[in-house]
Amino acid sequence: MKRPGLPLFLQRRPYRRRRKIDAARLLPVFGAFLLLLPMLWAPAGDEGRGTVGDGLYLFVVWAGLIAVARLLAPSLTADGQPDPDEGKG
Amino acid sequence: MGNHVLVIEDEPNIVEAIRFILMRDGWDVSTLSDGDLAEDTIRFCRPDVVILDVMLPGRSGLEVLAALRADAATRSLPVLMLTAKGQGRDRAEAERIGASRFMSKPFSNTEILASVRALAGV
Amino acid sequence: MVPFNILVVVCLVYVGLLFLVAFLVERRAHARALPWLRSPLIYTLSLSIFCTAWTFYGAVGYAVRSGWEFMTIYLGPTLVFVGWWWVLRKLVRIGKTQRVTSIADLISSRYGKSNMLGVIVTVISVVAATPYIALQLQSVTLSFAVFASTAADGGPVPDKAATALWVAVGLALFTVLFGTRNLDSNERHLGVVTAIAVEAVVKLVALVAVGVFVVWGLAGGPADMMAKINASPLSSWDLQPGRWAGLIFLSAAAVLCLPRMFQVMVVENVDERHLATASWAFPLYLFLMCLFVLPIAVAGLDLLPPGTNPDLFVLTLPLAQGQDGLAMLAFLGGFSSATSMVIVASIALATMVSNHIVMPLWLSLRPARAVSGDVRRIVLLSRRLAIAGIVALGYAYFQLSGGSAALAAIGLISFVGAAQILPAMLGGIFWRGATRVGAVCGLLTGAGVWVYSLYLPSFGPDGVISARLIAEGPWGIGWLRPQALFGVEGIDPLIHAMFWSLVLNATAFFAGSILTFPGPVERVQGAAFVNVFDGEVPAGGWVRGAATAENLLILSQRILGGDGALAFFEAEARMQGKAGPLPDPTPGFVGALERRLSGSVGAATAHAMIAQTVGGAAVSVEDLMAVANETAQIMEYSARLEAQSEELTRTARQLQLANEKLTRLSVQKDSFLSQISHELRTPMTSIRAFSEILMEGDMPPAMLRRHATIIHEEAIRLTRLLDDLLNLSVLENAGVQLTLGLVSLQDMIDRALVAAAQTRPERSFAVHRDPASEALYVTTDADRLTQVFINLISNARKYCAAPEPELRIAVRQRGGRVMVDVIDNGRGIPEDSQALIFEKFARLTDETRAGGAGLGLAICREVMTALGGSITYLPGQGGTAFRVTFPLRLRAVA
């Protein structure tokens with residue numbers, strides 16, 4: 001969406017905040033991709049899928065998602081203003 | 001008292017009728033058909049009685065009357081107002097401003113003659 | 001072993017404890033003394049009602065059957081929360097600005113405060129949730145039964161039905177007590193939420209404790225555990241791609257659409273920032289709930305006798321190992337899961353049932369009582385009854401299904417039902433084009449497919465629909481088989497139903513939306529929802545109506561309570577800069593009040609109640625908005641406002657003009673009599689005076705003749721005046737007889753010029769004509785049209801003050817119409833008089849009076865109307881100019 005009157009250059013802080021919002025937007029997309037990835041793996045050999053290996057993978061991805069979300073969360077609400085347009089000019 | 005009457009009226013036929021009636025009775029009659037010139041004319045020819053129509057070209061009869069009453073020289077000049085509108089509002093307005101008498105058209109000849117006589121104190 | 005009656009005592013003590021927590025919190029919260037209660041931690045923990053008893057016990061059983069697939073139920077919500085910036089943030093903001101009370105209220109409010117949608121969502125939610133509540137009752141009952149069977153000496157053990165009944169009654173009581181203490185849902189159920197948070201801790205601790213016991217107590221740590229898993233029947237699992245992706249999507253949809261999740265996520269949210277914390281903390285909670293599921297499953301398979309119900313491993317494993325304390329903890333964990341789900345679900349559903357079904361019914365049955373009656377009590381009563389009713393429904397379902405194994409699958413079936421709300425919800429908050437009709441179509445289609453292809457078949461073959469119908473389709477129509485719609489066979493029935501219901505739902509929603517046109521309230525709400533982050537968009541809006549602030553105060557006291565209503569009114573009055581407790585009932589204030597009330601009774605009901613108080617004003621909002629509809633479609637909001645104000649200015653200007661004209665006309669009407677009188681009396685005066693003179697006789701003949709001539713002149717003048725008046729009144733009353741004939745326009749103008757020359761014959765006019773253009777033959781009433789020309793030319797002769805007067809007559813023919821302009825080189829008519837000249841006695845100044853009665857132009861206008869034409873003043877022609885327009889061929893009207 002076009003936002004008229006948006007300055008071309010933002011100050012450093014608002015700029016970082018915007019990129020963090022981008023990251024927060026992308027996170028679930030990456031997460032979905034990684035969690036759906038096991039669908040593409042062919043079971044190794046005839047014994048079916050290895051429970052332990054798949055489980056470790058899923059838990060690691062899950063923990064990773066939680067960790068990244070944890071990192072992003074504070075800065076997105078740092079000033080209690082979740083509006084991306086704050087800090088103009 | 002003199003016998004000079006000034007008739008200020010714009011309808012030529014009515015002027016002619018009034019002049020005829022008054023002159024026959026021995027009055028000296030001047031006529032004027034314009035409100036704007038009324039004050040100057042009155043100051044100049046000093047009539048004893050003024051017959052003033054309400055609806056005049058230029059200043060209206062009521063405006064002329066108000067000006068006359070505001071001037072010390074003409075404050076007590078007898079003025080007979082005439083109107084064809086025949087509404088009570090005009091009469092009330094004229095009396096408020098200080099008309100000596102008020103008559104609506106059409107009038108009877110004897111009536112207007114009697115009024116002029118009364119105003120002139122004859 | 002734990003004796004059964006001890007177990008009952010433990011349960012009662014535990015419930016008592018929760019009761020105490022809820023009670024204390026409610027009291028302290030009232031004193032605003034517990035800031036930490038409004039912390040993100042409580043918020044996150046309250047979200048854990050997503051993990052019900054089905055999760056707590058059932059996940060292990062699920063793992064035994066399908067390996068890691070149970071994890072999909074938690075991965076979906078994880079993605080939703082990690083991606084909170086997309087949907088959750090918007091939902092919470094909308095929930096706050098619109099004071100949404102439930103998911104049904106959200107949908108209803110978004111689509112123009114439509115109560116029909118509220119009812120549909122409510123019904124879907126209740127139908128989907130009832131089996132789920134039954135499932136909770138079943139798990140509590142089963143867990144009781146496990147203890148009872150292991151402890152024979154615990155006294156008489158009541159049967160399952162009795163246990164379920166007591167649990168149901170207890171839950172209903174608890175929920176009624178704390179769920180309906182206060183009315184405004186936006187004041188939130190702080191006590192209940194805190195109790196839920198405590199339960200969340202209990203169930204997490206319980207499950208983790210059992211897990212730790214399994215991994216470090218029974219096995220020798222994580223490495224040994226992995227080895228055990230590899231050695232067990234669960235060492236490999238089968239990933240079905242369709243179910244894997246489908247269930248992740250389904251659980252993501254469910255976490256957004258389940259009424260109880262919406263309740264804790266949006267309605268009970270006290271601070272938007274809590275969402276940021278929950279975005280990682282809630283996935284973490286789910287992560288921990290899942291971590292030990294597989295180890296417990298493996299240990300249960302390993303250590304418990306074959307045939308043990310894997311759904312109860314969490315409970316039976318510690319019992320079998322003699323860990324009574326741990327078993328008790330696990331039991332309390334399961335108990336917590338079940339109770340918290342039932343409590344929150346029944347609060348959420350009761351709010352929906354009360355706001356969207358009971359209140360509208362009550363309002364329509366007793367409209368008069370909406371303002372005068374005690375609404376507050378009615379609302380609370382209906383909520384309490386609804387809570388009891390919903391728990392009773394769950395109990396009835398439990399009884400009817402007999403606690404069968406079919407119940408175990410009901411969790412996912414319920415998810416699919418709830419997910420039907422997803423298209424309407426996401427469409428509503430992201431797409432302004434979504435309409436009410438679209439939402440209704442989508443919801444009904446989706447719900448219909450869901451009931452037909454999943455819900456009814458879930459009762460088993462010959463349960464509700466016959467096995468033959470499932471196998472062959474209704475009336476033998478193969479492509480209508482519930483589990484193979486449109487001939488799509490061989491998919492998992494759940495995925496099949498989810499796929500078709502959501503695809504058809506979304507299609508109907510989309511098609512309905514693009515084919516219909518939203519109403520004004522709907523569009524305002526749509527903009528307010530979709531653009532919730534773009535600053536304040538005024539929602540709805542009330543026209544300043546008949547409602548007095550006092551009436552509104554009386555109404556709101558019934559709902560908000562005396563103190564609450566007064567405080568709100570006083571605050572609003574202060575904002576308006578007024579000293580007293582009553583603000584002016586401005587549209588802004590009424591809008592704010594409506595939002596406030598909708599926090600208690602839902603948007604649709606609040607709208608209806610305000611409408612009843614404000615009266616007809618509600619209709620005029622719609623009307624006003626409808627005026628702006630055309631522009632609104634194209635322009636953005638600001639442009640729309642601009643257009644509206646322009647429209648208003650234009651209307652105001654027209655009104656002002658009309659008003660000015662009316663005022664002047666009224667003055668004219670007023671002087672009409674006075675004018676008539678004057679016009680009649682003036683000739684009469686001369687006639688009377690001279691006839692009196694004549695009556696006296698004795699007069700020279702010359703003078704006699706002179707006086708008689710004057711009398712004659714004046715009598716003619718009087719006659720002409722009366723003729724004009726009669727003429728005009730005949731024309732005005734449209735009783736004109738026209739004599740149509742073919743005449744030369746040139747002839748008519750010639751005649752008019754000759755006739756008009758009698759007016760002020762002493763003036764000579766230079767007349768400019770163009771004979772070529774006048775060579776026209778016209779079908780019209782020649783005499784009347786000529787009269788109009790005569791009047792116009794006479795007027796010019798009378799009033800044109802130029803020293804060398806000129807008159808120009810221009811003729812033009814356009815199509816079937818002829819235009820004749822009569823233009824002189826006088827001063828023209830001042831603009832402020834142009835609108836009046838065609839009125840009767842509209843002589844402009846006394847100066848210009850020249851013997852006419854001021855009826856000429858009025859007559860002209862009437863004549864031209866009778867001739868199918870018009871007469872207008874032409875400004876800017878360097879003089880007074882009139883344009884006469886008339887048809888070339890006038891047809892006689894039968």
Side-chain angles (χ1 to χ4, degrees), chain B residues 7-25 29 31 33-38 51 53-64 80-94 102-116, chain C residues 667-700 702-718 720-721 760 798-799 801 841 843-854:
Chain B
V7 179
I8 310 177
E9 162 66 76
D10 63 325
E11 278 287 333
N13 289 342
I14 297 179
V15 173
E16 193 173 335
I18 295 174
R19 183 161 56 181
F20 184 87
I21 296 161
L22 291 179
M23 282 175 76
R24 202 174 48 176
D25 197 49
V29 179
T31 62
S33 64
D34 190 306
D36 284 335
L37 302 173
I51 298 179
D53 186 26
V54 171
M55 264 183 78
L56 287 174
R59 306 177 71 181
S60 83
L62 293 175
E63 283 169 311
V64 173
L80 168 60
M81 294 290 295
L82 290 180
T83 182
K85 283 190 178 172
Q87 275 183 329
R89 210 171 47 207
D90 279 353
R91 175 184 288 266
E93 182 71 4
F102 186 93
M103 288 177 67
S104 25
K105 302 177 190 172
F107 42 81
S108 85
N109 295 355
T110 46
E111 200 181 349
I112 198 166
L113 195 57
S115 296
V116 171
Chain C
V667 171
Q668 278 204 330
K669 281 265 153 66
D670 216 28
S671 64
F672 179 81
L673 278 179
S674 147
Q675 290 275 10
I676 282 265
S677 161
H678 181 266
E679 297 300 328
L680 291 174
R681 277 167 193 263
T682 300
M684 205 67 95
T685 308
S686 308
I687 293 174
R688 180 169 176 182
F690 283 108
S691 54
E692 275 178 21
I693 294 169
L694 289 183
M695 270 151 56
E696 290 163 18
D698 186 27
M699 199 171 290
M703 194 170 278
L704 195 75
R705 197 176 309 114
R706 164 88 189 126
H707 291 173
T709 311
I710 291 176
I711 292 177
H712 183 241
E713 263 176 25
E714 295 291 352
I716 288 176
R717 180 175 162 190
L718 207 50
R720 200 168 57 228
L721 179 72
R760 296 181 74 176
K798 276 183 218 163
Y799 302 123
F841 297 112
R843 235 172 11 206
L844 298 180
T845 55
D846 288 334
E847 201 180 343
T848 53
R849 55 192 278 203

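Not measured: the values here are computed from a predicted model. Chain A is the first sequence line, chain B the second, and so forth, proteins listed ahead of strands; every chain is numbered from 1.
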Could you measure the distance from the [atom1] atom of [X] to the [atom2] atom of [Y]? Nearest 0.5 Å is fine.
| X | Y | atom1 | atom2 | value |
| --- | --- | --- | --- | --- |
| B:Thr110 | C:Glu696 | OG1 | CD | 9.0 Å |
| C:Thr685 | B:Glu11 | OG1 | CD | 8.5 Å |
| C:Ile693 | B:Ile21 | CD1 | CD1 | 4.5 Å |
| B:Asn13 | C:Glu714 | CG | CD | 4.5 Å |
| B:Phe20 | C:Met699 | CZ | CE | 4.5 Å |

Can you tell which of B:Asn109, B:Ile14, B:Ile112 has the highest number of heavy-atom pairs within less than 4.5 Å of chain C?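 Heavy-atom pair counts peak at B:Asn109.
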More than 12 heavy atoms of other residues, nucleotides or ligands under 6.0 Å from CZ of B:Arg19: yes or no?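 Open: at most 12 neighbouring heavy atoms sit under 6.0 Å from CZ of B:Arg19.
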Please report the closest heavy-atom contact between C:Thr682 and B:Ala84, naming both atoms and the distance.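 For C:Thr682 and B:Ala84, the tightest heavy-atom pair comes out as OG1-CB, 3.8 Å.
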Looking at every non-hydrogen atom in both residues, tell me the closest pair between C:Arg688 and B:Ser108 and how far apart they are.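 Nearest heavy atoms, C:Arg688 then B:Ser108: NH2-CB, 3.1 Å.
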For B:Arg24 and C:Glu692, run salt bridge (Lys or Arg N to Asp or Glu O under 4.0 Å): C-alpha distance rounded to whole Å, both residues' side-chain angles, the deciding distance at 0.1 Å, then the answer. CA-CA 14 Å; B:Arg24 202 174 48 176; C:Glu692 275 178 21; over 6 Å; no
In terms of heavy-atom pairs under 4.5 Å, which option from C:Arg706, C:Glu713, C:Met684, C:Met703 contacts chain B the most?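 Sorted descending by pairs with chain B, the first entry is C:Arg706.
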